[in-house]
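Position 1 is the first residue of the sequence, and the numbers go up from there.
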Amino acid sequence: MHQQPLLIGTRASRLALWQAEWVQSRLQQLHPGLEVELVKIQTTGDRILDTPLAKIGGKGLFVKEIEEALFDKRIDLAVHSMKDVPTVLPAGLELHCTTERADPRDCLVLARGLTDLTALPHGARIGTSSLRRRAQLLHRRPDLQISDLRGNVDTRLRKMQEQGLHGIVLAAAGLKRLGYEDRIGICLKPDECLPAIGQGALGLECRIDDSTTHALLAPLHHPATAAAVTAERAFLTRLEGGCQVPVAGFAQLLGERLELTGLVARTDGSELLKDTVSGPPADALQLGTNLADTLLQRGADKILGELYGQAGG
């Protein structure tokens, strides 16, 4: 039995706390008598709210300080939204556990009276800070005006009102976790807006040599979700994509086969490359890499090269 309290590191946003508290309660149910405490950690991504993510360095912004706390043994475990976790982890740390995925879809929170993407008026203003969402929306509706929108879920909902936007795009999982399911206007099917890599799943990160914590986490691991997220992250790794590029990927286990769809697009939506592969879940890494290679051969290398050039990379 774990003697000291198990310390979970988390961002302090309401959604991050919900996720950490969910892990806390599951661990306490699984291991009666286990003490689990939350340690709130402010990350760079939480501090810099007036600049688009793509300009300040992308994914690692929400995990770096939490990983430092893991190294320093100030915490035993970090709870992340998988879509925030960089594809390369620092030596000595690992994503030991992937929880069962919640609703992976994106959804539109719409202003009163609007019920559908196609019914939005010409030139409707939609808020999102995601280049992935921007590209896919503009591919379907080139007339839309996309407003850059940062902040946590509550902030974005407030800004939608203040700025008089026709709608904003958010992850369905986050809205449902925070009790805002009634705010969802429409959920976008993956073939309408392919989700972010890892969207809806939680990744539990810990030190590779911490066998005590590994044993506690084992019952929370969900192999089907882990295989899907592994394929998605392998796709992203091969493309070297971060927040700066419109890359999307979604995998799911259908019977005995893992099906992965991936996408690379121009930010203005004018060009969108997409394909699907499937194979045994054990080949998740290879599936992701192969799909990326297919899209690179079809012209994704040119799109990404131009984008990295613009980003100063």
Side-chain angles (χ1 to χ4, degrees), residues 53-54 58-60 80-89 95 98-107 128 130-137 139-140 169-174 187-203 222-254 257-267 269 271-301 303-304 307-308:
L53 286 181
K59 281 177 176 288
H80 304 296
S81 290
M82 276 302 295
K83 65 179 185 152
D84 290 336
V85 183
T87 50
V88 179
L89 299 181
L95 284 167
T98 307
T99 64
E100 185 172 3
R101 190 174 225 156
D103 191 333
R105 295 173 297 176
D106 279 327
C107 62
T128 177
S130 158
L131 299 182
R132 171 188 63 81
R133 289 168 174 158
R134 171 191 293 263
Q136 293 185 83
L137 286 172
H139 184 71
R140 296 187 65 203
V169 196
L170 292 166
C187 277
L188 299 166
K189 297 191 287 291
D191 63 347
E192 295 175 304
C193 188
L194 203 61
I197 306 295
Q199 187 157 304
L202 302 182
H222 192 255
T225 301
V229 170
T230 296
E232 293 164 17
R233 285 169 66 80
F235 173 71
L236 185 64
T237 302
R238 182 74 182 90
L239 295 172
E240 298 179 359
C243 282
Q244 303 94 319
V245 292
V247 171
F250 176 59
Q252 54 188 328
L253 200 57
L254 302 172
R257 293 183 75 72
L258 186 67
E259 184 180 279
L260 168 68
T261 301
L263 170 152
V264 176
R266 292 192 182 279
T267 40
E271 189 178 0
L272 194 144
L273 300 173
K274 190 175 181 180
D275 212 330
T276 300
V277 293
S278 70
D283 295 347
L285 268 173
Q286 199 58 51
L287 285 171
T289 305
N290 291 351
L291 179 58
D293 284 336
T294 299
L295 291 186
L296 287 167
Q297 286 161 10
R298 283 178 47 196
D301 56 342
I303 294 173
L304 294 172
L307 277 165
Y308 286 128

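- Considering CZ of Arg134 and OG1 of Thr128, their distance stands at 8.0 Å, rounded to 0.5 Å.
- Ala248 and Ile197 get closest at one heavy-atom pair: C-CD1, 4.0 Å.
- Arg266 pairs by the side-chain contact (heavy atoms from CB on, under 4.5 Å) definition with Asp268, Ser270, Glu271, Lys302, Ile303, Glu306, not counting sequence neighbours.
- Summarising the geometry of Arg132 relative to Cys193, their closest heavy-atom pair is NH1-SG, 4.1 Å, with the distance given to 0.1 Å.
- In this structure, Leu287 CG and Leu260 CG are separated by 6.5 Å, a value rounded to the nearest 0.5 Å.
- Contacts classified as salt bridge (charged side-chain N to carboxylate O under 4.0 Å, His left out) and involving residues 274-284 (residues at least two apart or in different chains) are given here: Asp275-Arg298.
- The side chain to side chain donor-acceptor pair (under 3.5 Å) test applied to Ser81 returns Gln19, not counting sequence neighbours.
- In this structure, OG1 on Thr225 lies 9.5 Å from CD on Glu232, to the nearest 0.5 angstrom.
- For the side-chain contact (heavy atoms from CB on, under 4.5 Å) test, residues two or more places apart in sequence or in another chain that qualify with Ala227 are Leu258, Pro281.
- Listed by chain and residue number, nothing satisfies the side chain to side chain donor-acceptor pair (under 3.5 Å) test with Thr98 (two or more places apart in sequence, or in another chain).
- Every residue was checked against the salt bridge (Lys or Arg N to Asp or Glu O under 4.0 Å) condition with Asp301, not counting sequence neighbours, and none meets it.
- For the pair Met82 and Leu95, the minimum side-chain heavy-atom distance is below 4.5 Å.
- Across all non-hydrogen atoms, the minimal contact from Ala171 to Lys83 is CB-NZ, 4.1 Å.
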Task: side-chain contact (heavy atoms from CB on, under 4.5 Å) evaluation trace for Arg233 with Val85 - done: CA-CA 10 Å; Arg233 285 169 66 80; Val85 183; 3.8 Å; yes

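- Considering CG of Leu253 and CZ of Arg101, their distance stands at 12.0 Å, rounded to 0.5 Å.
- The two residues Gly299 and Leu273 make their nearest non-hydrogen contact at C-CD1, 3.6 Å.
- The backbone N or O of Pro104 lies less than 3.5 Å from a partner atom in the side chain of Gln199, making a donor-acceptor pair.
- Just one residue in the list Gln136, Lys189, Arg133 forms a side-chain hydrogen bond (donor to acceptor under 3.5 Å, both in side chains) with Asp106, and that residue is Arg133.
- Contact of the Asp191 side chain with the Thr261 side chain is not registered, since no non-hydrogen atoms from C-beta on lie closer than 4.5 Å.
- Of the inter-residue distances, the one linking Thr87 atom OG1 with Leu236 atom CG reads 5.5 Å to the nearest 0.5 angstrom.
- Listed by chain and number, the residues in a side chain to side chain donor-acceptor pair (under 3.5 Å) with Arg140 amount to none (sequence neighbours excluded).
- Screening residues 284-296 for side-chain hydrogen bond (donor to acceptor under 3.5 Å, both in side chains) gives Arg238-Asp293, Gln286-Asn290 as the qualifying pairs, with residues at least two apart or on separate chains.
- Residues passing the side chain to side chain donor-acceptor pair (under 3.5 Å) test with Thr230, sequence neighbours excluded: none.
- A donor-acceptor pair is defined here as one N or O able to donate and one able to accept, closer than 3.5 Å; such a pair exists between the side chain of His139 and the backbone of Gly269.
- For the atom pair Leu291 CG and Thr276 OG1, the distance stands at 7.0 Å (nearest 0.5 Å).
- Take Ala265 and apply the side-chain contact (heavy atoms from CB on, under 4.5 Å) test, not counting sequence neighbours, and it matches Ala135, Pro246, Leu263, Leu272.
- For Pro190, the side-chain contact (heavy atoms from CB on, under 4.5 Å) criterion is met by Arg105, Leu194, Pro195, Phe250, not counting sequence neighbours.
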